[in-house]
Amino acid sequence: MDKAHDWLIPNSIDGEPFCHLLCVGKTRYGKNGFLTRVATSLFKNRGVKIYDIHSGGKMEGPHAMFPSDLEYWKEQRLDIDGAEVKPEGMPVRVLMPYSDYLPKNLPHQFQPFTIPTNEMTIKCWQSLLGMEVRTEANTWNVVKFKIDKKTSAPEMVYELSQAHTEEVVLKTGAILTAPTVHGGKSLTIGISDFLDQKVFSSANFPLALTTDEIKKDMRGDWITVLETSQYQDHANFFVYYLIEKIWELKRTGVVRRPVVILMRESQDFIPKQEMNLKEAATKKLIGEILEKGAGKRLYFALDSQSPSFIELFAEQFGIVACFRLDSYYDIDNFLGPKVAAYSSKELKSKVYTLPKYHAVIFLPWGIRSGYVVPPTCALAKSGEDFWVKYKSFSAREPNNYWYRNWEDQYKALKNEYEEGVKRTKEIVVLKKYRKEKEKEKKEAERLKVRTRTAPHEKKIELSQEELDNLEDLPFLPPDD
């Protein structure tokens, strides 16, 4: 019987504030198993909401739905509170950004989603485009007052293109303007790939990942996984968007349930040196939560191959799990302040020679070391294809692993885009029509002659295509 499980289940989450957790060490030495073990234990035994938001494109998060097939569980017996622990899969919900390349049949645990146009913020734009220019910020400050829950992606793009011609008067009397056309062009060009893949939608669209939808998800009895493998170049944006909404709901006290955000390969988002403005936005948000999140019961559980990547936030982690490290710099400069109970020589010897799946754990209530008990759910193995594994399980257990057809939702999203394009074209034609009518009125006043010009007359100088579109307009302005 293995009893090395007690320190793997943090027992302060219900009473005293839980601590941010960091796991460091060489790859394939047990970091992923440790994080998964802690996360699933908190979820199952403490009712903590878990968000598994990044695995570097390896689809490690979705594997939690399968029971573990490790030899450990065939050879060992583990009891907790008198009950035998056996391999089991976890209830998982996998969020995937919509793409035209997504198959219409997905595992029922998978949920395609879109980004609602009206919930974008300046920081979301920065995490997506890397921009930090006043022109783009001013443009979005104008546009956000022009869109609502019904605004589709094509309509948002149209508002971006027209922002330099608009002004917004706030209740305070202040006037917001976008002085040039460049801000709208910059934002539109930056999201061209997303528009092609229909990532954005109106907030009313059923697949839209709105703040209300995230609030419901935070109260759901499942582990939520964010899977962005089809958008690796833009994973930073989806990670930022989700974390920002979670933090907003926690910071304002809307959701009081404790939440742990699990992030593997954390150096992808909080590098030692900021390479671009996209990383800067995410790094700043993570730093804010590391500093203030514990007071709102929002915690991070991160892993990294080298602690030097996150040395700016080193003091924010109350729990540090140290697997084997080969760098004396990491041991001396990062772990040194946290291990006053060890001499430098003893620490180096301990960490430098740790075998696989063994760790030294620095906890607020003491220091433990030993073999890390693996999680009861499956871990992604090197070279293992998740889709092949799911197909195998669905053949054996069709009641637990089955597919859902999303074809109707995909068609509805395509229709929303087409309708949005049609409405924007109608607006353009209507504006041109009104402009011509205004021009005629001014000319008539100049000549002291009142004229009535019908829409079909040549004086309006509309193309035949625009004239055809006029017939489809829901209304036309009355002639004076």
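The chain is numbered in sequence order, starting from 1.
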A.B. asks: Side chains of Val239 and Asn236: does their closest heavy-atom pair fall under 4.5 Å?
C.D. replies: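 No; the side chains remain at least 4.5 Å from each other.
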A.B. asks: Using every non-hydrogen atom in the two residues, find where Tyr410 and Pro112 come nearest and quote the distance to one decimal.
C.D. replies: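 That closest heavy-atom pairing would be OH-CG, 3.8 Å.
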A.B. asks: Look only at the side chain of His20 and the backbone of Leu290, and say whether a donor-acceptor pair between them is shorter than 3.5 Å.
C.D. replies: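 Indeed, once roles are kept as given, a pair shorter than 3.5 Å links the two residues.
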A.B. asks: Atom OG1 of Thr224 and atom CG of Leu242: how far apart are they, to the nearest 0.5 Å?
C.D. replies: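 One finds 8.0 Å between OG1 of Thr224 and CG of Leu242.
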A.B. asks: Evaluate Phe200 against Val157 for side-chain contact (heavy atoms from CB on, under 4.5 Å), listing each step before the verdict.
C.D. replies: CA-CA 11 Å; Phe200 290 101; Val157 171; over 6 Å; no
A.B. asks: Check whether Glu265 reaches the backbone of His54 with its side chain - one donor and one acceptor, N or O, closer than 3.5 Å.
C.D. replies: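 Answer holds: no.
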A.B. asks: Using side-chain heavy atoms (C-beta onward) and a distance below 4.5 Å, is Lys198 in contact with Thr114?
C.D. replies: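 Heavy-atom side-chain distance check fails, nothing below 4.5 Å.
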A.B. asks: Any heavy-atom pair between the side chains of Asn118 and Asp148 that's under 4.5 Å?
C.D. replies: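 Answer no - side chains too far apart.
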A.B. asks: Distance from Tyr299 atom OH to Leu42 atom CG, nearest 0.5 Å?
C.D. replies: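 Tyr299 atom OH to Leu42 atom CG measures 10.0 Å (nearest 0.5 Å).
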A.B. asks: Is any side-chain heavy atom of Leu95 less than 4.5 Å from a side-chain heavy atom of Phe238?
C.D. replies: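 No, side chains not in contact.
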A.B. asks: Would you say the side-chain atoms of Trp222 and Gln109 include a donor-acceptor pair closer than 3.5 Å?
C.D. replies: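 Their side chains do not contain a donor-acceptor pair, so the 3.5 Å distance test is not met.
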A.B. asks: With rounding to the nearest 0.5 Å, note down the distance linking CD1 in Ile261 to CG in Leu298.
C.D. replies: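 It comes to 4.5 Å.
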A.B. asks: Answer yes or no: is there a side-chain heavy-atom contact under 4.5 Å between Thr36 and Arg264?
C.D. replies: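 SC-SC contact between Thr36 and Arg264 confirmed.
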A.B. asks: Would Thr228 and His234 satisfy side-chain contact (heavy atoms from CB on, under 4.5 Å), going step by step from the backbone distance to the final call?
C.D. replies: CA-CA 8 Å; Thr228 59; His234 298 293; over 6 Å; no
A.B. asks: State, with a plain yes or no, whether a side-chain heavy atom of Glu419 is found less than 4.5 Å away from one of Ser152.
C.D. replies: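 Sidechains of Ser152 and Glu419: no contact.
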A.B. asks: Hey, what's the ring geometry for Trp387 with Phe110, parallel, tilted or perpendicular (30° and 60° as the breaks)?
C.D. replies: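 Plane angle between 30° and 60°, so tilted.
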A.B. asks: On a heavy-atom basis, which atom in Ile147 and which in Thr117 lie closest, and how many Å separate them?
C.D. replies: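 Closest approach of Ile147 to Thr117, heavy atoms only: CD1-O, 3.5 Å.
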A.B. asks: Between Lys284 and Glu288, is there a side-chain N and carboxylate O pair less than 4.0 Å apart?
C.D. replies: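 Salt bridge flag = no for Glu288 with Lys284.
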A.B. asks: At their closest point, which heavy atom of Phe237 faces which heavy atom of Ser127, and how far apart are they?
C.D. replies: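 In this case the closest contact between Phe237 and Ser127 is CD1-OG, 3.6 Å.
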A.B. asks: Is it the case that atom CZ in Phe386 sees more than 12 heavy atoms from other parts of the structure closer than 6.0 Å?
C.D. replies: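 Atom CZ in Phe386 is crowded, with more than 12 foreign heavy atoms closer than 6.0 Å.
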A.B. asks: Do the side chains of Gln305 and Lys31 get nearer than 4.5 Å, heavy atoms only?
C.D. replies: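 Result yes, sub-4.5 Å side-chain heavy-atom pair found.
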A.B. asks: Could you measure the distance from the CD1 atom of Ile246 to the NZ atom of Lys215? Nearest 0.5 Å is fine.
C.D. replies: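 Ile246 CD1 to Lys215 NZ: 14.5 Å, rounded to 0.5 Å.
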A.B. asks: Run the side-chain contact (heavy atoms from CB on, under 4.5 Å) check on Phe34 and Asp303 step by step: do they pass?
C.D. replies: CA-CA 10 Å; Phe34 175 79; Asp303 87 4; over 6 Å; no
A.B. asks: Begin from the C-alpha positions of Tyr51 and Trp247 and carry the test ring pair (Phe, Tyr, Trp, His ring centres under 6.0 Å) through to its verdict.
C.D. replies: CA-CA 12 Å; Tyr51 278 93; Trp247 177 224; over 10 Å; no
A.B. asks: Identify the heavy atoms of Leu102 and Tyr98 that sit nearest to each other, and give their distance.
C.D. replies: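 Scanning both residues completely, I find the closest heavy atoms to be CD1-CA, 3.9 Å.
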A.B. asks: Roughly how far, to the nearest 0.5 Å, is CZ of Arg28 from NZ of Lys381?
C.D. replies: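 The NZ atom of Lys381 sits 13.0 Å away from the CZ atom of Arg28.
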A.B. asks: List the atom of Cys124, the atom of Tyr240, and the distance in Å for their closest heavy-atom pair.
C.D. replies: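 Shortest heavy-atom separation between Cys124 and Tyr240 comes out as N-CE2, 3.9 Å.
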A.B. asks: Rounded to the nearest 0.5 Å, what separation is found between the CZ atom of Phe317 and the CG atom of Leu21?
C.D. replies: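 So the CZ of Phe317 and the CG of Leu21 are separated by 8.5 Å.
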A.B. asks: Testing the basics here: between Trp73 and Pro375, what is the closest heavy-atom pair and its distance to 0.1 Å?
C.D. replies: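 Reported closest heavy-atom pair: NE1-O, 3.1 Å.
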A.B. asks: Say whether, by atom type as modelled, one donor and one acceptor occur between the side chain of Glu416 and the main chain of Ser202 under 3.5 angstrom.
C.D. replies: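 At least one qualifying donor-acceptor pair exists.
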A.B. asks: For residues Thr376 and Ser68, determine if any side-chain heavy atom of one lies less than 4.5 Å from a side-chain heavy atom of the other.
C.D. replies: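 No, every pair of side-chain atoms sits at 4.5 Å or beyond.
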A.B. asks: Does anything in residues 393-406 pair up under side chain to side chain donor-acceptor pair (under 3.5 Å), and if so which pairs, sequence neighbours excluded?
C.D. replies: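 Counting only pairs at least two positions apart or across chains, the side chain to side chain donor-acceptor pair (under 3.5 Å) contacts touching residues 393-406 are Asn105-Asn405, Ser392-Arg396, Glu397-Asn400.
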A.B. asks: The test is side-chain hydrogen bond (donor to acceptor under 3.5 Å, both in side chains); show your working for Thr121 and Lys144 and say whether it passes.
C.D. replies: CA-CA 9 Å; Thr121 64; Lys144 70 181 181 181; over 6 Å; no
A.B. asks: Give a yes or no answer on whether the side chain of Glu227 reaches the backbone of Ser229 with a donor-acceptor pair at less than 3.5 Å.
C.D. replies: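 Looks like yes, one N/O pair under 3.5 Å.
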A.B. asks: Can you label the angle between the His358 ring and the Tyr371 ring as parallel, tilted or perpendicular, going by 30° and 60°?
C.D. replies: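 Perpendicular: the ring planes of His358 and Tyr371 meet at over 60°.
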A.B. asks: Not counting sequence neighbours, list each pair that qualifies as a salt bridge (charged side-chain N to carboxylate O under 4.0 Å, His left out) and has a residue in residues 232-259.
C.D. replies: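 Sorted result for residues 232-259: Glu119-Lys245.
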A.B. asks: Evaluate side-chain contact (heavy atoms from CB on, under 4.5 Å) for Asp217 paired with Arg93, printing each intermediate quantity in order.
C.D. replies: CA-CA 9 Å; Asp217 183 82; Arg93 184 192 190 200; 2.7 Å; yes
A.B. asks: Under the 3.5 angstrom rule, does the side chain of His63 hit a backbone N or O of Ala378 as a donor-acceptor pair?
C.D. replies: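 The answer is no, because no donor-acceptor pair under 3.5 Å joins these two groups.
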